[in-house]
Every structure is written in structure tokens, then in C-alpha cells.
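Here the structure comes first, spelled out in C-alpha cells, and everything after it is commentary.
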Amino acid sequence: MHIEFSVNGERREVDLPPMTRLLDALREHLDLTGAKEGCGEGECGACSVILDGEVVCSCLVPVVQVAGASVRTVEGLARAGELDSIQASFLKHGAAQCGICTPGFLVAARDLLDRNPHPTPDQARDALAGNLCRCTGYQAIVDAVVHAEAVRE
Amino acid sequence: MSGPAPTYGGAVVTARDLPEALALRAQFPEAVVLAGGTDLMVMMEAGQLRPGRVLNLWGCAGLRTISEDGGHFGALATWTDVARHPAVHPALRECARTVGALQIQNRGTVGGNIVNASPAGDSLPLWLALDAVFEVASLRGARRIAAADFWVGYRRTALAPDELLTGVTVAPAGADAVLYRKVGTRLAQAISKVVVGARIRQVEGTVTEARIALGSVGPVPLRARRVEALLVERGLDPDAADAVVDDIAPIDDVRSTAVWRRQVAQRVLRRWLVEQRAFSARNARQ
Ligand SMILES: Cc1cc2nc3c(=O)[nH]c(=O)nc-3n(C[C@H](O)[C@H](O)[C@H](O)COP(=O)(O)OP(=O)(O)OC[C@H]3O[C@@H](n4cnc5c(N)ncnc54)[C@H](O)[C@@H]3O)c2cc1C
Ligand code: FES
Ligand code: FES
């Protein structure tokens, strides 16, 4: 099936069986390997992308459902070689260790910050409850999200 | 997880509005209906389901609306839609925020939770408590099914093969006391060990109506009829909660034991009744 959608502001096309997971369309067919597969069943958030303005698990979305939609992946966060504030904040706060969960956290955090630029730690924890990290113990991630706007300023 | 990416084969037909969806449903009664996919995609990934054909409803924007008064939900309203709607009853909004995590709430729909008919489906007891009416339709026509008649057996609903769920209506709860309580391992992403939805109506200090419903304690979400009857008979008596052990039929499974579930169901209800009794007493004094 021929499907067109926008990825990080660019029009992209794929020819794939309609129930192909968006995650596979991105990773295997569009060379966007930022979104990761942790669990393949919606539990870990490593595959998070922003779909029409809402964070979703790309492992749970069949590509047929993104026809005409707009997808933002972790690759689309940095602009013109400059890191997004949440990426800079992750660096500053040491919020990544092995890094497998990081793209998903960055995307989910960006979704939160777009709605709420100054979240409290509780709001950050709540918005990131669908993302699992086995390394950091979360505190550095929460710090990075809470202070993301301060990094920009 | 490794190896070539799974594609789940199968053709997909996509509907853009209800008439199209009903026509496609009639044409392909064997097709698996797809809404937000948060239950179906997991089953496909696990190899439990390999549909030859899928009827994709996502994109039927007209089925996603919630009425301004918060009393009517299109089947495709997502849990995020429910959580963010200011007029929806607070208990339902709270329930919406406990379905998975944000990524799941952004995609998972009201209709998917209802038709999936998992005994652990978090919204199901609350629909029972709120006397919800489910609207279903086929090319043959539309009909309404009370929540109490909808889940007919383990993961089985009253929907006919050519029918779709189109919406849900709840009666205004007014000043009724309404409880939603999910008990799980953690707040997010946890399948309930016990989930309770309840509503009590009082008229001048007398309990006139009680709806107590529980999930994860039987093959279908269950009404606690004994507790309900005791509350109407005796008023807000916390001891009525004890009868719940005979109203439910929990089992031992990987998440919990039957004994623990009975105890928790009883305590959640008792605590709520104690609170409600104190609240009523305060109101009566004023
Ligand atoms: C990580 C994760 C966490 C979750 N946590 C929770 C939780 O905490 N609590 C909970 O209750 N659930 C939870 N779920 C399950 C799921 O997200 C919900 O049940 C959700 O509401 C399903 O909606 P959907 O639109 O995604 O359903 P789908 O997967 O699209 O469909 C589910 C079923 O309903 C049928 N269906 C859907 N819409 C219609 C319709 N309009 N007419 C007829 N049939 C229809 C489908 O054919 C299918 O059988 C979780 C799932 C995941 C992956
Ligand atoms: S890979 Fe999608 S949530 Fe884990
Ligand atoms: S940094 Fe390793 S899983 Fe999060």
C-alpha cells in the first residue's frame, strides 16, 4: 500500500503492507533509527514519536493510520545543527547512561514541554510514566525536564 | 523482536464516517475492527491474532466527539479526550488518566476498552456505576444496550457480528457520590488487581440508589448486588461492604490471589462508605 505522510516537516512516502508498524516504517524504510524498540507492546516508551501533536508508541500504530498525518521523531528535535532545549538539558543533567531509552524520553518530554514549558517534578513524572529507564533511576531525567527552559535562557 | 519486522499481512479497509463504516462492516463481517490499536496491536505482535482483514475506524472524526455537557462519548473518543474535557464527570476523567500512560491514553479509545471486554478493563465498572447506555449500529439499524447487559461472558459482548459500537451515554450523576478506585502495582501501565466504580444517590439523607461495580474479580465486570441492596436497606453502613465477598468471583492469577482481591474489594468499599457517612453527617449538621 502506498502511504504518504510528513516526517519532521518533510513529505515522505512508503510502499508497505498497511498493518506494518510505524516503528518499522521509520527504522527499516525511512532510515530513521532514533525511535527504539524496547518491548514492542506499548509498555516502555522507547519507540515514542509525536503524531499529529500527541505522543504515541510507534510500535502500536499501524502505518495505514498515519496516511496524511504528521510525525515528529527524535531526529526532528535539533534544528539547523542546534540541539533542542530538552536535548541540551539532558546533556547538562547527565540524564542518559546507556541511551536506549533516551530518544523516547526526549520525545515524550518535548510533548510535555510544548504543552507546559515549566512542569513541576510531579508533572514531569506523570507525563513520563510511560517511559522506562533501567539505568538512571529517573531523577536526572526529571531534573533535565523540569529545567529544560532554563537551559534555553 | 529481532529478525525481519513483522507485518501482520492482511488487507485494511478504512472508513471515514459512520455510514461508510457500517457498509464496510456489513460487507466484511469477518474483519477485525481497529480503533486506536492499543489492544489489537499487542495481540498481533504476540501472534495471538492474524486478521485476514482489518476495518480501520481511526479517522471517523465524527465518532470522536464528546458532547458539551460531558454526558455523551463517541466510541472513538480517546482517553486523553476524556481526561481533558472539563464537563466530564471527575471520576471518569480520573479513570481516563489511569489507562496505561499518556502514550496509551492518546491512542486508546473509550469504545476499544468497552468492546475489548477484558475483565480488567478499567472503565467498565464505572460505566456500570453510571448506568451507561451503549449505542450500537449496523446497516439494519441502531439500538441501545444497557451496560448491565453488554458483557455477556469472558471477553464476550452483546454486539452482533455486523454491529459497531458508536457511542456511550451516561446519565447526569448530579450530587451522587461517585467512586473510581484502581488498585494495581503502580500508577501507570499496571493492569488492575481490583478496580471499583460506584455511585450512591441520597435523597434527604436516605439512600435511594446504589451501584457498586468491580473489575478483575470475575470473568466479566460485576455488580455487587448484595452490597447495593444492603445500602438501600440500611443507609450508609460501612458494614455493608463485607457482603462484597459473596458478590464477586475472583481467581488466583499472576497478578494477585483471590483472597487478597476479596480483602481489597471489601476495604476499598468500607473506607469509601466511612468517608461518605462522615460527609453526609457534616452536610446534615449544616
Ligand atoms: C501498555 C498498555 C497499557 C494499558 N493499560 C491499560 C489500563 O491501565 N487499563 C485498561 O483498561 N486498559 C489498558 N490497556 C488496554 C487498552 O489501551 C485499552 O483497552 C484501550 O481503551 C483500547 O482502545 P483501542 O482504541 O486502542 O482499542 P483497539 O485495540 O483498537 O480495539 C480493541 C477491541 O475493541 C474492538 N473495537 C474497538 N472499537 C470498536 C467499535 N467502535 N465497535 C466495535 N468494536 C470495536 C476491536 O475490534 C478490538 O477487539 C493498555 C494497553 C497497553 C498497550
Ligand atoms: S517498543 Fe513501543 S513501547 Fe516499548
Ligand atoms: S539510560 Fe539506559 S535505559 Fe535509560
Side-chain angles (χ1 to χ4, degrees), chain A residues 1 3 16-29 35-69 104-105 107-109 111-112 115 122-132, chain B residues 1-14 16 32 34-61 76 78-81 83-84 97-108 112 186-191:
Chain A
M1 184 178 181
I3 294 161
L16 288 170
M19 291 304 286
T20 306
R21 303 180 304 176
L22 174 59
L23 176 64
D24 299 318
L26 293 170
R27 292 181 54 86
E28 315 277 331
H29 301 277
K36 301 283 183 270
E37 174 158 11
C39 65
E41 51 185 52
E43 298 276 353
C44 76
C47 65
S48 297
V49 300
I50 297 176
L51 172 55
D52 287 337
E54 292 184 315
V55 64
V56 303
C57 297
S58 62
C59 70
L60 296 182
V61 179
V63 71
V64 64
Q65 291 189 331
V66 304
F105 269 101
V107 166
D111 171 74
L112 168 66
R115 281 179 287 119
D122 278 350
Q123 288 169 333
R125 286 180 187 281
D126 185 54
L128 299 176
N131 294 75
L132 299 182
Chain B
M1 247 167 58
S2 54
T7 53
Y8 315 127
V12 177
V13 288
T14 294
R16 269 149 303 172
V32 170
L34 173 70
T38 59
D39 277 310
L40 284 181
M41 291 297 281
V42 173
M43 291 164 76
M44 291 185 206
E45 172 69 18
Q48 292 164 2
L49 185 72
R50 292 198 174 276
R53 194 182 304 273
V54 168
L55 168 53
N56 175 26
L57 298 183
W58 191 265
C60 290
L76 285 168
T78 66
W79 291 114
T80 294
D81 296 337
R84 292 195 182 146
R97 278 191 221 93
T98 69
V99 177
L102 190 55
Q103 286 91 332
I104 303 302
Q105 292 156 24
N106 281 342
R107 210 70 195 166
R186 62 182 278 242
L187 277 178
Q189 305 288 50
I191 299 178

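So you know, we letter chains A, B, ... as the sequences are listed, proteins then strands, and number each from 1. What you see is a predicted model; the values in this text were computed from it and never measured.
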Non-hydrogen atoms of chain B under 4.5 Å away: do they reach the side chain of Leu51(A), the backbone, both or neither?
side chain

Sequence neighbours excluded, every pair satisfying salt bridge (charged side-chain N to carboxylate O under 4.0 Å, His left out) that has a member inside residues 42-69 of chain A:
Glu54(A)-Arg64(B)

Hey, does Met41(B) have a side-chain heavy atom less than 4.5 Å from the side chain of Cys59(A)?
no

Just how far is it from atom CD of Glu37(A) to atom CD of Glu45(B), taken to the nearest 0.5 Å?
6.0 Å

Measuring heavy-atom distances to chain B, does Val63(A) have an atom under 4.5 Å in its side chain, in its backbone, in both, or in neither?
neither

Quick one: list whatever passes side chain to side chain contact (heavy atoms under 4.5 Å, CB included) with Ala35(A), sequence neighbours left out.
Leu23(A), Val49(A), Ser58(A)

Contact part of Ala108(A) toward chain B, heavy-atom cut-off under 4.5 Å: side chain, backbone, both or neither?
side chain

Heavy-atom proximity to chain B below 4.5 Å, by part of Asp126(A):
neither

Which atoms of Leu132(A) come close to chain B, meaning under 4.5 Å heavy atom to heavy atom: side chain ones, backbone ones, both, or neither?
side chain

Please classify the contact of Thr14(B) with chain A as side chain, backbone, both or neither, using a heavy-atom distance under 4.5 Å.
side chain

For residues 100-107 of chain B, give me every residue with a non-hydrogen atom less than 4.5 Å from any non-hydrogen atom of chain A.
Ala101(B), Leu102(B), Gln103(B), Ile104(B), Asn106(B), Arg107(B)

Bottom line for Thr78(B): the part with an atom under 4.5 Å from chain A's heavy atoms is neither

Interatomic spacing from CD in Gln65(A) to CG in Leu34(B) - rounded to 0.5 Å:
4.5 Å

Who passes side chain to side chain contact (heavy atoms under 4.5 Å, CB included) against Ala127(A), sequence neighbours left out?
Leu112(A)

